[in-house]
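No hydrogens, no waters, no symmetry mates; every other heavy atom, side chains included, goes into these values.
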Amino acid sequence: MRWILGWAVAGAVVALGGCDVRDALSGKAELTGKVKEVVDRTHTTRTSYSVYYSNWTLNNEGVGADHWTAEFHDGVHHRVETADLRLVADCQALTGSGLSVGGGPSPLTGAAAARAACGIDANIPVTDFAYLGVVDTPWGSADRVRLTNDAISRIYDINKDGVIVGERWYKNAPGHATVLKQTIFALTSSVSSPDMFEEASLNKSFTPDQYKTTPGLQVAATIPGHQ
């Protein structure tokens, strides 16, 4: 993700120290090699799945909070739900629309919505990147990559089907403090209804109540693979 949960806690990006990560750049880098292959896998997957996440985030005041997120993919279309936001996108046509559950304008529409929803968020520029190898997760083996800009580094674990099965963000300085950790409640290989990808469906939730929960995650100060 891309990280759509963000609108519940600061938008599609995390603002650190008053700095929007989309603008925190000393020089944009174009992905190449294995990192590009893994990231592209999240954008082009044709696998159907439903995945339910729990997310821990740290705000600028140093206060942590838990949030739930659900994502659904039918091979072409993607849907994201949080307590505060719903978004649908066509990942091939790069179109999309969203709904702020509490009212107000949609945070993203059109191509920007699709780039945010369909795989790793392509709206956030990258200044550096690295492939960190294959890791074991509760959901099978995954390729781990790190994407960095001047404010934060983002770690993603991506399985063979292009599903994000682990995610953590941390500040580059000081102390490499974790600001986001995402873990999975459940992952299935289908979606409950094809109607969930229609814009008209944004007025209702397709996330079962059992996954609208936040268990309280314990987050370490640093992440494995960061040297």
Side-chain angles (χ1 to χ4, degrees), residues 1-6 9-17 19-45 47 49 51 53-58 69 71 73 78 91 112 114-184 187 217-227:
M1 200 173 20
R2 309 121 300 247
W3 169 63
I4 303 296
L5 163 72
V9 290
V13 295
V14 173
L16 301 177
C19 183
D20 187 326
V21 298
R22 290 176 298 187
D23 300 322
L25 296 175
S26 58
K28 184 178 178 180
E30 296 295 332
L31 301 183
T32 60
K34 186 66 174 180
V35 174
K36 176 174 171 47
E37 174 191 327
V38 173
V39 172
D40 285 352
R41 190 189 308 160
T42 72
H43 298 152
T44 61
T45 179
T47 298
Y49 61 86
V51 60
Y53 299 101
S54 178
N55 308 270
W56 181 93
T57 61
L58 186 72
T69 306
E71 300 201 27
H73 194 78
H78 201 89
C91 300
R115 287 194 298 267
C118 299
I120 291 174
D121 192 336
N123 292 318
I124 303 177
V126 174
T127 58
D128 195 16
F129 54 90
Y131 179 69
L132 302 179
V134 176
V135 297
D136 292 326
T137 80
W139 312 96
S141 63
D143 291 297
R144 176 170 288 177
V145 297
R146 181 175 64 228
L147 307 178
T148 302
N149 65 27
D150 292 348
I152 60 162
S153 292
R154 298 173 284 149
I155 300 286
Y156 295 97
D157 297 336
I158 312 300
N159 74 8
K160 62 181 178 60
D161 294 319
V163 182
I164 298 171
V165 295
E167 180 174 352
R168 189 178 296 191
W169 295 21
Y170 59 90
K171 293 183 181 181
N172 290 332
H176 306 299
T178 297
V179 293
L180 180 152
K181 181 182 178 183
Q182 184 177 81
T183 57
I184 293 178
L187 173 63
L217 302 174
Q218 298 297 314
V219 179
T222 59
I223 182 168
H226 176 68
Q227 304 297 330

Can you name the side-chain contact (heavy atoms from CB on, under 4.5 Å) partners of Ala142, sequence neighbours left out?
Val135, Thr137, Asp157, Val165

Identify, with sequence neighbours excluded, every residue that meets salt bridge (Lys or Arg N to Asp or Glu O under 4.0 Å) alongside Lys34.
Glu37

Heavy atoms only: give me the nearest Cys118-His43 pair and the separation to one decimal.
O-CD2, 2.8 Å

In chain order, what residues pass the salt bridge (Lys or Arg N to Asp or Glu O under 4.0 Å) check against Asp143, with sequence neighbours excluded?
Arg41

Starting at OG1 of Thr178, measure out to CZ of Arg168 and round the result to the nearest 0.5 Å.
4.5 Å

For the residue pair Tyr49 and His73, categorise the inter-ring angle as parallel (less than 30°), tilted (30 to 60°) or perpendicular (more than 60°).
parallel

Which atom of His78 lies closest to which atom of Cys91, heavy atoms considered
CB-SG, 3.7 Å

Using a 4.5 Å cut-off on heavy atoms from C-beta on, say whether the side chain of Val38 contacts that of Tyr131.
yes

About how many Å separate OG1 of Thr69 and CD1 of Ile184, when rounded to the nearest 0.5 Å?
11.5 Å

d(Thr183 OG1, Tyr53 OH) to nearest 0.5 Å is 10.0 Å

Applying side-chain contact (heavy atoms from CB on, under 4.5 Å), name anything that partners Ser141, two or more places apart in sequence or on another chain.
Val134, Asp136

Do Thr42 side-chain atoms and Val39 backbone N/O form a donor-acceptor pair below 3.5 Å?
yes

Just by modelled atom types, is the Asp161 backbone N or O under 3.5 Å from a matching donor or acceptor in the Thr45 side chain?
yes

Polar contact flag, side-chain donor to acceptor under 3.5 angstrom, Arg154-Tyr156:
yes

Are the side chains of Ile164 and Ile158 in touch, meaning some heavy atoms are under 4.5 Å apart?
yes

Using modelled atom types and a 3.5 Å cut-off, is there a donor and acceptor pairing between side-chain atoms of Asn172 and backbone atoms of Asn149?
yes

Could you check whether any side-chain N or O of Thr148 sits under 3.5 Å from a backbone N or O of Ser153, counting only pairs where one atom can act as donor and the other as acceptor?
no

Distance from Arg115 atom CZ to Asp121 atom CG, nearest 0.5 Å?
9.0 Å

Sequence neighbours excluded, which residues qualify as side-chain contact (heavy atoms from CB on, under 4.5 Å) partners of Lys36?
Leu31, Asp40

With rounding to the nearest 0.5 angstrom, report the CH2 to NZ distance, Trp56 to Lys181.
10.0 Å

Any side-chain heavy atom of Phe129 sitting closer than 4.5 Å to one from Thr32?
yes

Report yes if some heavy atom in the side chain of Ile124 is under 4.5 Å from a heavy atom in the side chain of Ile152; otherwise report no.
no

